[in-house]
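Some notes on the structure that comes next.
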2 protein chains.
Amino acid sequence: MKAKITLKDIARELEVSISTVSKALKNSEEISRDTKEKIQAFAKLYNYRPNNIAISLKNKRTKNIGVVIPDIVHHFFTTVIRGIEKYANARGYNVIVCSSDESFDREVINMEMLANGSIDGFIMSLSSETQKKNDYNHLKEVTEQGIPVVLVDRITNEIECDKVVIDDQLGAYMAAKKMIDQGRKKIGIITTADYLSVSRARTEGYKKALMEHGIEVDESRMLKLSSMDMDEELIKDFFDSTDLDAVLCVNEIFAVFSMRLAQKRGLRIPEDMSFIGFTDGFLSQYAYPSLTVVAQHGQKMGEISAQMLIDKVESEAEEETYQTKILEPTLVVRDSTIN
Amino acid sequence: MKAKITLKDIARELEVSISTVSKALKNSEEISRDTKEKIQAFAKLYNYRPNNIAISLKNKRTKNIGVVIPDIVHHFFTTVIRGIEKYANARGYNVIVCSSDESFDREVINMEMLANGSIDGFIMSLSSETQKKNDYNHLKEVTEQGIPVVLVDRITNEIECDKVVIDDQLGAYMAAKKMIDQGRKKIGIITTADYLSVSRARTEGYKKALMEHGIEVDESRMLKLSSMDMDEELIKDFFDSTDLDAVLCVNEIFAVFSMRLAQKRGLRIPEDMSFIGFTDGFLSQYAYPSLTVVAQHGQKMGEISAQMLIDKVESEAEEETYQTKILEPTLVVRDSTIN
DNA sequence: TTGTAAGCGTTATCAC
DNA sequence: GTGATAACGCTTACAA
């Protein structure tokens, strides 16, 4: 086992001082050609690599960014992480991923853990519990310490920081409009509790589309599921008690699951009932029929967040200007709606 | 903006020495009750938190573990990460995730980046390119430096280290046997190139089951797709040219995709053709019909890897004993096979 | 051209 | 009971 070699080791072996070694390896003009060559050769031979931790301590920069998301096992967040990682790595940053598991406490713990020097900034998406409690003190503390934060997707107005979202309302609007344009009149929505910022926005967009097209918004056509429960009975009841010819779902799991229940009761998709979901994941792609969705461009969101964060981290300027980047969703038309 | 407070700051404010502060905050016996209380109160008031980086430098322990996987946007790996994260966090470790994107170069770069002090150990799953090249020098270097490595799922015999896998061969065997037991005689397999350790093992298991039950292994019933291409034509040709009543697929995407193609040509599933895939993800669960799969227990694998890694990291012992943990897969029976 | 020393924030050893 | 000092590995201003 050949342990990592340090500047000190090189200095000792070559009988020069540590600073000479340091400078030589940085190709400093100060050092003579001879010495530099000797030191560089030695360093190369022994595969010297500077210790990141020491550099971090010195520079007060870790080149790590902390990502706190509600759930890793979720296609959308996964694409966000991929975008973050891609961009961050290209700029020499590492990504520390922590999942809050939709829990407020875990979100707080993870942030505190990382905020003590481990990272230069945060990219995060709020846990549902946090949005429900509406308690953002952990975020406030972090920003007050001067640690930059970028909120993605699940955001809040309570915190001043950079934000990246897609226009969820527009997405739902586009989806509902699509259905209306295809002659659907009895359009339902399957959504989650209102405290989730994105579901709220999507429900708004849905309502807006109906209203603008002279369709009455009927509460009985709106089913609210508690988060990810996938309560089969509730959906069945919904289908039993409601006359629908189209359903908008706030995520792809709701959509694919409901499609199946619809099929089981003999409905043809899209002829009898058309479906649109959110999140352009594998499920939508490979469902049968394939699902028309509002694509959220998670990877793009990740890249942009990472860019905003790193720019802020590296900017000397002490300006307190924050921006909110709103991306346009895209409708990906597949077989669950008429083309 | 209230910047982070350090021991030095506290010492200055309270007019004591840094070491007194350090000891007081550790509740050392050496320090008088009075001083301790004063210091602790002050620290609490100003929300003192020790700087992780400084501690890392001192202890030569980062409490970070590096995870290098081929792809984050992949349900199986995602569950592995979740398991790692869960276990690691519980033991006070953070998880730095890097995706190699199935690329050898990115795998090498990421490992080098992390190996310079950022992490205490690695958990990794080899990229397909690495398995293809069969080049593991980057792993050798890391282990020679004394950094513990745990390989998960996509492993190699070239490296001596702890390993965690499921018994892929057994999984495929169980799946094929299930089909045989249900009277299927013409069982095909859709797999990937042989250099992927898991696909190879699964193909072996498939063959073994056939042979043990007196069914001839027919190369024409074995389709090899190049990784994740999802080449529709190839699968169609396969179905055209081969007479099959059951198909085993080495992942859920292959399975769900082929099921669709089969359905499109009028085959009933499972009556005319039954399907079994690998990976118990959302796709399998929500496909129509739902897919019978070999569950790989990714989360469990993640937890075990993390446990093995952290145990090794924290063990003083310099013993060079490595173990390979082989988990048993489980067959999750759904509607794509007869019950 | 090379070396010394201070400092990043912490802990541990040893002296007072 | 308290504090000075060295050390972790590196950078850099300042001496020599």
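What you see is a predicted model, and the numbers here were worked out from it, not measured in a lab. Every chain is numbered from 1 and lettered A, B, ... according to where its sequence line falls, protein lines coming before strand lines.
As a whole-Å value, the separation of A:Arg61 CZ from C:dG7 P is 21 Å. Distance A:Glu15 CD to C:dT2 C1': 14 Å, rounded to the nearest Å. Protein atom NZ of A:Lys38 is 12 Å distant from nucleotide atom C1' of C:dT1, rounded to whole Å. In this entry the distance linking NZ of A:Lys60 with P of D:dG9 reads 20 Å, nearest Å. Remark: C1' of D:dA7 and CG of B:Leu57 are 9 Å apart, rounded to the nearest angstrom. Rounded to a whole Å, the CG atom of A:Asn52 is 18 Å from the P atom of D:dC8. Rounded to an integer number of Å, the gap from B:Lys4 NZ to C:dG9 C1' is 13 Å. Atom C1' of nucleotide C:dC8 and atom CG of B:Asn51 are separated by 9 Å, given to the nearest angstrom.
Checking D:dT11, C:dT10, C:dC8 against every side-chain atom of A:Ile18, the shortest atom distance belongs to D:dT11. The nucleotide whose nearest atom lies closest to any side-chain atom of B:Glu30 is, among D:dA7, C:dC14, C:dT4, C:dC14. The side chain of A:Ser32 sits closest to C:dT2 out of C:dT2, C:dT11, D:dG3. Of the candidate nucleotides D:dT12, D:dG9, D:dT5, D:dT5 has the atom lying nearest to any side-chain atom of B:Ser19.
Between B:Ser22 and C:dT11 there is a side-chain N or O to OP1 or OP2 distance below 4.0 Å. Between B:Ser17 and D:dT2, a side-chain N or O to OP1/OP2 separation shorter than 4.0 Å is absent. Put simply, A:Lys8 has a side-chain N or O that comes within less than 4.0 Å of OP1 or OP2 on D:dC8. Contact check, B:Tyr48 against C:dG9: no side-chain N or O comes under 4.0 Å of OP1 or OP2.
A:Ile55 comes within contact range of the sugar-phosphate backbone alone, with a heavy-atom separation under 4.0 Å but no base atom that close. Residue-level contact check: A:Thr6 touches the backbone only, with heavy atoms under 4.0 Å from sugar-phosphate atoms and none from bases. Contacts of A:Lys26 with the nucleic acid, taken as non-hydrogen atoms under 4.0 Å apart, involve only primed sugar atoms and P, OP1 or OP2.
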(message) What verdict does the side chain to side chain donor-acceptor pair (under 3.5 Å) test give for A:Tyr87 and A:Asn89, after you've listed the backbone C-alpha separation in whole Å, the side-chain angles of each residue and the deciding distance to 0.1 Å?
(response) CA-CA 6 Å; A:Tyr87 186 87; A:Asn89 280 354; over 6 Å; no
(request) Give the intermediate values and the outcome of side chain to side chain donor-acceptor pair (under 3.5 Å) for residues A:Glu112 and A:His138. (result) CA-CA 8 Å; A:Glu112 288 197 341; A:His138 51 308; over 6 Å; no
(message) Before you tell me yes or no, could you show the steps for B:Thr143 and B:Glu160 under side chain to side chain donor-acceptor pair (under 3.5 Å), namely the whole-Å CA-CA distance, both residues' side-chain angles and the distance that decides it to 0.1 Å?
(response) CA-CA 9 Å; B:Thr143 50; B:Glu160 274 203 71; over 6 Å; no
(message) Before you tell me yes or no, could you show the steps for B:Ser125 and B:Asp153 under side chain to side chain donor-acceptor pair (under 3.5 Å), namely the whole-Å CA-CA distance, both residues' side-chain angles and the distance that decides it to 0.1 Å?
(response) CA-CA 6 Å; B:Ser125 196; B:Asp153 193 54; 4.5 Å; no
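Residue-to-nucleotide proximity on DNA chain D shows that, of A:Leu7 and B:Lys23, the 5′-proximal contact is made by B:Lys23. In terms of position along DNA chain C, the nucleotide closest to A:Thr35 lies nearer the 5' end than the nucleotide closest to the other residue of the pair A:Thr35 and B:Ile5.
For A:Lys58 against C:dG9, no side-chain N or O and base N or O form a donor-acceptor pair under 3.5 Å.
When each of A:Leu139, A:Asn110, A:Ile147 is tested with A:Phe122 by the rule side-chain contact (heavy atoms from CB on, under 4.5 Å), just one qualifies, namely A:Ile147.
Between the CG atom of B:Asp120 and the CG atom of B:Asn59 there is a distance of 9.5 Å, given to the nearest 0.5 Å.
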